[in-house]
Amino acid sequence: MKAQLQQQLSAILAELQYPSVDVIFDKPKVDAHGDLTTNVAMMLAKAVGKNPRQVAQSIVEKLKIDDSFLSAVEIAGPGFINFRFANSYVVESAKNILREHASFGRTQAGSGKKTNLEWVSANPTGLLHAGHGRQVLLGQVIGNLLEWTGHEVTREYYFNNAGNQMRTLAESIYSRYRRELGDDYPFPEEGYKGEYIVDIAKEIIAQKGDSLKDADGDRSYFQKYGEEWCFKRIKETLARLNVKHDVFYNEDTLYSTGKISEVIEEFKKKDLAYDSEGAVWFRATKFGADKDRVIVKSTGEPTYRLPDIAYHREKFRRGFELIVDIFGADHIATIPDVLNGVQALGYDTKDVKVIIHQMVSFVNGDEIVKMSKRNAKTYTLDDLIDEVGVDAVAYFFVMRSVGTHLEFDIALAKEQSDKNPVYYLQYAHARIASILRHAETEHINVHDIAAMMANTDFSLIREKEEIDLLKKLLEFPELVQSCALSFEPHRLTTYLREVAETFHRFYHEHRVINDVKQLMQARLTVCLMTKIVIANGCRILSVSCPEKM
RNA sequence: GAUCCCGUAGCUCAAUUGGAUAGAGCAACAGCCUUCUAAGCUGUAGGUUCCGCGUUCGAUUCGCGGCGGGAUCACCA
């Protein structure tokens, strides 16, 4: 429809010898302005030397409209041309929802682009805390959106099980181990204070007793044990949220295969790196940074920048055409260095999309929930899931745009009432399911979609609330596409809320189960279409949609 | 001090990526259940979109300058 109109309008512009401009359609906010609007007349007004409404008039006069598609074309406001869909067009289009059902909303906008999505990537030195939830769910939903738009997505988790942090982990466990055995052993200055360290130490005692007491500085057992313990827990937490990574990429492979030294040499050859004070420096100032950055410490160990750069290069080498990273705002400083490094190696950074989300704060009603790391008792993501449930966690973490700080109200999230937006959405789905169950007692097989289509007289779908609802449902594929391409999953929650709202209004105005068999059938079909869209949307959101509440 | 993000109704946030009368949810007030799920619906009230200047037919959106909040500025990741 859009494409057709676009073509026709472009032809008219040419015929009128107006300069050619892109004909773009928007969906007006206000119902009175129709279903599609274009601002071409305003764009042209100046060049043509006429006022926008006159320009619009001249265009509309040439327009041939097919009234099975459009019921009205109007010039409005400063010079908008507004189009209103005919009901028959809306209803006809809506049949696609039934035809495609579980795939309705999928498009090929990504045209099979090989995409690497990296997120979570927490090192196995501890548990995921509640704040990690935002990243976990953002990545999950963005991954789903990319799949729904035809990207070929590899979900990846990058981790480092060597270096400082892991040594600290081992040292922390060892210290707790000795203390649990009754020794007065010092706890490392920057050690991990969480109580899970004590749990790990106790497990080791249960298995090995005090046999590791005099390890003579060798902490490898503790490190390995700690790493495996933490990773197991992290994966379990992710699994509760249905998050599953395809690849766990170990930073160490970058060393063992020589990718790190390769980058250093290449940088030096290009005069992008130099030795000084016993360290190797990256000429970040060449890319506008305020000072150069160390990439290899005087101890010989690289800083995080170097492996990050090598890692991104490997992503390109592995054939990915789109590379998506999700980071919290606390990592913001590292991004320019990595991008500059990758660019210096000859790759186009426009194929790297870095999504930075702002931090999360937790409140419980009026009370601020602290999750200080100094505190031994941290609030973990598991704790949060236990408290509010998987669905609320999934929904709440993506319902705000990534650029804003997210305030997560635990009291609201666990409230099973209309205040809670998750329940509002799920309730709409359950309500429809309930209606469909009633239909089955009327001997209508609502699961046989082909039969539903065949038995429905679509011309009976004509109430305003029904048409409004179908229009809303028909926005779904384009919305999914737009959310995916702009990496803005929160807009999906906004949309689904509107769907639920539009459905409730329809439900309130029109009785579905009624004595007029044909009318009932038509309305059941509308219900089924709505159910399909809500279910598909929920699947993208990783939120369940219950048949009963 | 520098860099990045944010500033919209009492609170939490949207706003189709520059469009028309800035919208939802909570909270407040007033209505609607003998009938498919009231976890719902309808209505009322609530605004100098932080301030100023600019760009243009048109700015919450873009640019510049302030003010306020957050994050980051390691030979930690």
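Reminder, nothing fancy here: chain letters follow the sequence lines and each chain counts from 1.
- One N or O donor and one acceptor, one from the side chain of A:Glu277 and one from the base of B:C75, sit under 3.5 Å apart.
- Between A:Arg431 and B:A39, a side-chain N or O to OP1/OP2 separation shorter than 4.0 Å is absent.
- Going from atom NZ of A:Lys419 over to atom P of B:U12 covers 17 Å, rounded to whole Å.
- Nucleic acid contact for A:Ala45: none, since no nucleic acid atom lies under 4.0 Å from a heavy atom of the residue.
- Relative to the six-membered ring of A:Tyr507, A:Arg431 meets both conditions, a distance below 6.0 Å and an angle of at most 45° to the axis.
- Between A:Lys291 and B:A74 there is a side-chain N or O to OP1 or OP2 distance below 4.0 Å.
- Between A:Thr125 and A:Leu169, the shortest heavy-atom distance links the atoms O-CD1, 3.6 Å.
- Atom pair A:Leu412:CG and B:A27:C1' shows a separation of 12 Å (rounding to whole Å applied).
- Between A:Lys268 and A:Asp275 there is a salt bridge, with a side-chain nitrogen of the basic residue lying less than 4.0 Å from a carboxylate oxygen of the acidic one.
- B:G63 and B:C53 make up a base pair, with Watson-Crick or G-U wobble contacts both under 3.5 Å.
- One can place CD of A:Glu547 at 15 Å from C1' of B:C36, the figure rounded to the nearest angstrom.
- Closest contact between the side chain of A:Glu501 and the listed nucleotides B:U16, B:U37, B:A24 involves B:A24.
- Judged by distance alone with a 3.5 Å cut-off, a donor-acceptor contact links the side chain of A:Asn39 to the base of B:G19.
- Backbone-only engagement by A:Arg497 is indicated by non-hydrogen atom pairs under 4.0 Å involving sugar-phosphate atoms exclusively.
- With centroids closer than 5.5 Å and planes inclined by less than 30 degrees as the test, A:Tyr304 and the base of B:A77 fail to qualify as a stacked pair.
- Here the C1' atom of nucleotide B:C5 and the CD1 atom of A:Ile355 are 15 Å apart, to the nearest Å.
- With B:U72, B:C13, B:U16 as the choices, the nucleotide that has an atom nearest any side-chain atom of A:Glu407 turns out to be B:C13.
- Within the 4.0 angstrom heavy-atom criterion, no nucleotide atom of any strand lies near A:His357.
- For B:U37, the OP1/OP2 oxygens have no side-chain nitrogen or oxygen of A:Tyr424 closer than 4.0 Å.
- The side chain of A:Tyr507 places an N or O atom within less than 4.0 Å of a non-bridging phosphate oxygen (OP1 or OP2) of B:A38.
- Under the stacking definition used here (centres under 5.5 Å, planes under 30°), the residue A:His33 qualifies as stacked on the base of B:A20.
- Among the nucleotides B:C36, B:A15, B:A39, the one closest to the side chain of A:His490 is B:A15.
- Scanning atom types as modelled, no donor and acceptor separated by under 3.5 angstrom connect the side chain of A:Thr303 and the base of B:A77.
- Look at the P atom in both B:A45 and B:C51: the space between them is 24 Å, to the nearest Å.
- Taking 3.5 Å as the limit, the base of B:C75 and the side chain of A:Ser298 contain a donor-acceptor pair of atoms between them.
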Item to complete: Show the numbers, then the answer: is there a ring-ring contact (aromatic ring centres under 6.0 Å, His included) between A:Tyr158 and A:Phe248?
Response: CA-CA 6 Å; A:Tyr158 176 69; A:Phe248 282 81; over 10 Å; no

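- Here B:A2 sits opposite B:U72 as a Watson-Crick or G-U wobble pair (both hydrogen-bonding atom distances under 3.5 Å).
- Residue-nucleotide stacking is present for A:Phe80 and B:A20, judged by a side-chain ring centre under 5.5 Å from the six-membered base ring centre and planes under 30° apart.
- Between the base of B:A20 and the side chain of A:Asn82 there is a donor-acceptor pair shorter than 3.5 Å.
- Base pairing of B:U44: its partner is B:A28, meeting the Watson-Crick or G-U wobble criterion (both donor-acceptor distances under 3.5 Å).
- Residue A:Thr404 has a polar side-chain atom (N or O) positioned under 4.0 Å from OP1 or OP2 of B:A14.
- For the residue pair A:Tyr395 / A:Gln426, no side-chain donor-acceptor distance below 3.5 Å is found, with atom types taken as modelled.
- Candidate nucleotides B:C41, B:U37, B:U72 were compared by shortest atom distance to the side chain of A:Ile435, and B:U37 ranks first.
- Here the P atom of nucleotide B:U35 and the CZ atom of A:Arg511 are 9 Å apart, to the nearest Å.
- Between A:Phe506 and A:Phe25, the residue anchored nearer the 5' end of RNA chain B, judged by the nucleotide with its closest heavy atom, is A:Phe25.
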Below 3.5 Å, can you tabulate the donor-acceptor pairs from side chains in residues 512-522 of chain A to any protein atom, sequence neighbours excluded?
{"unit_1": "A:Asn514", "atom_1": "OD1", "unit_2": "A:Val516", "atom_2": "N", "d": "2.9"}
{"unit_1": "A:Asn514", "atom_1": "ND2", "unit_2": "A:Arg511", "atom_2": "O", "d": "3.2"}
{"unit_1": "A:Asn514", "atom_1": "ND2", "unit_2": "A:Val512", "atom_2": "O", "d": "3.2"}
{"unit_1": "A:Gln521", "atom_1": "NE2", "unit_2": "A:Thr456", "atom_2": "OG1", "d": "3.2"}

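- Within the 4.0 Å cut-off from OP1 or OP2 of B:A39, not a single side-chain nitrogen or oxygen of A:His429 is found.
- Taking the side chain of A:Ala329 as heavy atoms from C-beta on, and the options B:C57, B:A71, B:A14, the nearest nucleotide is B:A71.
- Applying the ring-ring contact (aromatic ring centres under 6.0 Å, His included) test between A:Tyr249 and each of A:Tyr311, A:Phe159, A:Tyr157 identifies A:Tyr311 as the sole match.
- Nucleotide B:C33 is shown with a syn base, its glycosidic torsion being within 90° of 0.
- As a whole-Å value, the separation of A:Arg505 CZ from B:A24 C1' is 11 Å.
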